[in-house]
Amino acid sequence: MPATQQVSVIGAGLAGLAAATHLAEAGVGVRVLERAEAPGGRVRTDHVDGFRLDRGFQVLLPAYPEFRRLVRPARLGLRGFTRGALVRDDGGMRLLAGPWHGPRAVQDVARFVREHPGDVLALARLALRDAVLPASALRRAPEHTVGHDLRERCGTETVETLLRPFVAGVFLDPGLGTSARLFHLIWRSFVLGGAAVPELGMQALPQLLADRLPPGTVETGQEVAGLGEHEVRLTSGETVSADAVVVATDGTTAARLLPDIEPPAWHAVTTWYYRTERPPLSAPTLALDGTGDLPLNSLVNSQAAPTYAPQGTSLVQASVPGIADSAGSLEPAVRERLAVLYDTDTRDWGLLATYPIEHALPVLGPDTPLSRPVRVRRGRYVCGDHRDTPSIQGALVSGRRAAQAVLADLGRR
Ligand SMILES: Cc1cc2nc3c(=O)[nH]c(=O)nc-3n(C[C@H](O)[C@H](O)[C@H](O)COP(=O)(O)OP(=O)(O)OC[C@H]3O[C@@H](n4cnc5c(N)ncnc54)[C@H](O)[C@@H]3O)c2cc1C
């Protein structure tokens, strides 16, 4: 291949950055055209009054195989969460975590075991099965919705109080219609490595990938309007010639640029960030509230990563999956639920920001394969979490698959 051959990657989210990484490593010339002012796509971190606010609460699972393939976790200064959760049910709040988390955990777990012995066994079996079986076996297991699958394995009550708010928080799907295979793959990563955030905020991950590319590879402020046979047309009127194009945008934009691609349906979420002088919880434990119509999850982010808040203050997030509350009408109810969840007065908590996100995660139900084609035809490729699993892992894998398809067509392996 002549040295002048160029691949244009459209979008500097995780998928585009992964694709560019593999292409650059293979010695191919790459330009990444990104419409925003910084790389990261859906993984961005805002700085507000000294707080780090991820654009919608999200976490990195250090056991994601594709993350480990691309990044040395130590480079990100990962801060882990408690392996367990604070769960609200009719009996109040329970801390379901290992005994090393103190007498409250011991007492609450013992009570849960007494009340739901069968469910506890089922949960332990579930964790063991998903940790031990190879991922390839989980990908081939009989397919259902996650709601159906979990009700079969654990009791309905445990699903409603514990698993529904957790699963809804992970897939932003309160109806639990997500693919059970996808659930088991992601749950496997939770069991094997827990959840964490980089100390500088979630955007540290895409920033690390962008910084490793040859200088000038990522061009921000470049919005692509359309594709020609051997060129990319920018909204500025400029054209960029390209021997191959990888469309690494979100699925909706990809379907506009590539008529062969079906646009995905989306799950929504709203995250509220609060500042308070006193942390309502001393540990980085996810609090889950499955009572009421809309499940809610919350975390004192600064207990996981103190760098998320200025000294002497705490950052608390609350997220309600399934809804993008652009009108801001849910906030008073969320604040009240947080007061019950943490058993504290939340009236003086300062609202720092609200992130209503309509297009947060592509829907992946049991009828959709976990992996979809990334090669449209010679010279045209597509990647993004809508091609694999809707997750950081899926976005990174799709980027690698697209790069491999480009390299194969260019005669490089
Ligand atoms: C609130 C929220 C919580 C989440 N929680 C988790 C979690 O806890 N764990 C997990 O694993 N995953 C989570 N995810 C999912 C994960 O963030 C995404 O799956 C992943 O970031 C998608 O990456 P992507 O590269 O496929 O797409 P995107 O991040 O959407 O990147 C697409 C890029 O293309 C650019 N672009 C779009 N159109 C154009 C154009 N015309 N021209 C040029 N550039 C364009 C965009 O600006 C963007 O940078 C969450 C997502 C959200 C939103």
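Start at 1 and go down the list; that is how both ligands and their atoms are numbered. Nothing here was measured: the structure is a model prediction, and the numbers come from that model.
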Can you list every pair where an N/O of ligand 1 is under 3.5 Å from an N/O on the protein?
| unit_1 | atom_1 | unit_2 | atom_2 | d |
| --- | --- | --- | --- | --- |
| ligand 1 | 8 (O) | V59 | N | 2.9 |
| ligand 1 | 8 (O) | V59 | O | 3.3 |
| ligand 1 | 9 (N) | V59 | O | 3.0 |
| ligand 1 | 11 (O) | Y64 | OH | 2.6 |
| ligand 1 | 11 (O) | I392 | N | 2.9 |
| ligand 1 | 12 (N) | I392 | N | 3.4 |
| ligand 1 | 14 (N) | Q58 | OE1 | 3.3 |
| ligand 1 | 17 (O) | Q58 | OE1 | 3.0 |
| ligand 1 | 19 (O) | D385 | OD2 | 2.7 |
| ligand 1 | 19 (O) | S391 | N | 3.4 |
| ligand 1 | 19 (O) | S391 | O | 3.4 |
| ligand 1 | 25 (O) | L14 | N | 3.1 |
| ligand 1 | 25 (O) | A15 | N | 2.9 |
| ligand 1 | 26 (O) | D385 | N | 2.9 |
| ligand 1 | 27 (O) | R42 | NH2 | 3.0 |
| ligand 1 | 29 (O) | R42 | N | 2.8 |
| ligand 1 | 30 (O) | R42 | NE | 2.8 |
| ligand 1 | 30 (O) | R42 | NH2 | 3.1 |
| ligand 1 | 38 (N) | R35 | NH1 | 3.4 |
| ligand 1 | 41 (N) | V224 | O | 3.0 |
| ligand 1 | 42 (N) | V224 | N | 2.9 |
| ligand 1 | 44 (N) | R35 | N | 3.2 |
| ligand 1 | 47 (O) | E34 | OE2 | 2.6 |
| ligand 1 | 49 (O) | E34 | OE1 | 2.6 |
| ligand 1 | 49 (O) | E34 | OE2 | 3.2 |
| ligand 1 | 49 (O) | G41 | N | 3.4 |

Name of the residue among D54, D250, D385 meeting salt bridge (Lys or Arg N to Asp or Glu O under 4.0 Å) with R42: D385
Kindly write out the residues that satisfy side-chain contact (heavy atoms from CB on, under 4.5 Å) with D409, not counting sequence neighbours, or none if the list is empty. R375, R378, Y381
Taking the six-membered ring for Trp, are the ring centroids of F166 and F190 within less than 6.0 Å of each other? yes
Electrostatic pair R44-E37, nearest N-O below 4.0 angstrom: yes
Using a strict 4.0 Å threshold on nitrogen-to-oxygen distance, state whether E277 and R275 make a salt bridge. yes
So, are R88 and D289 salt-bridged, with charged N and O less than 4.0 Å apart? yes
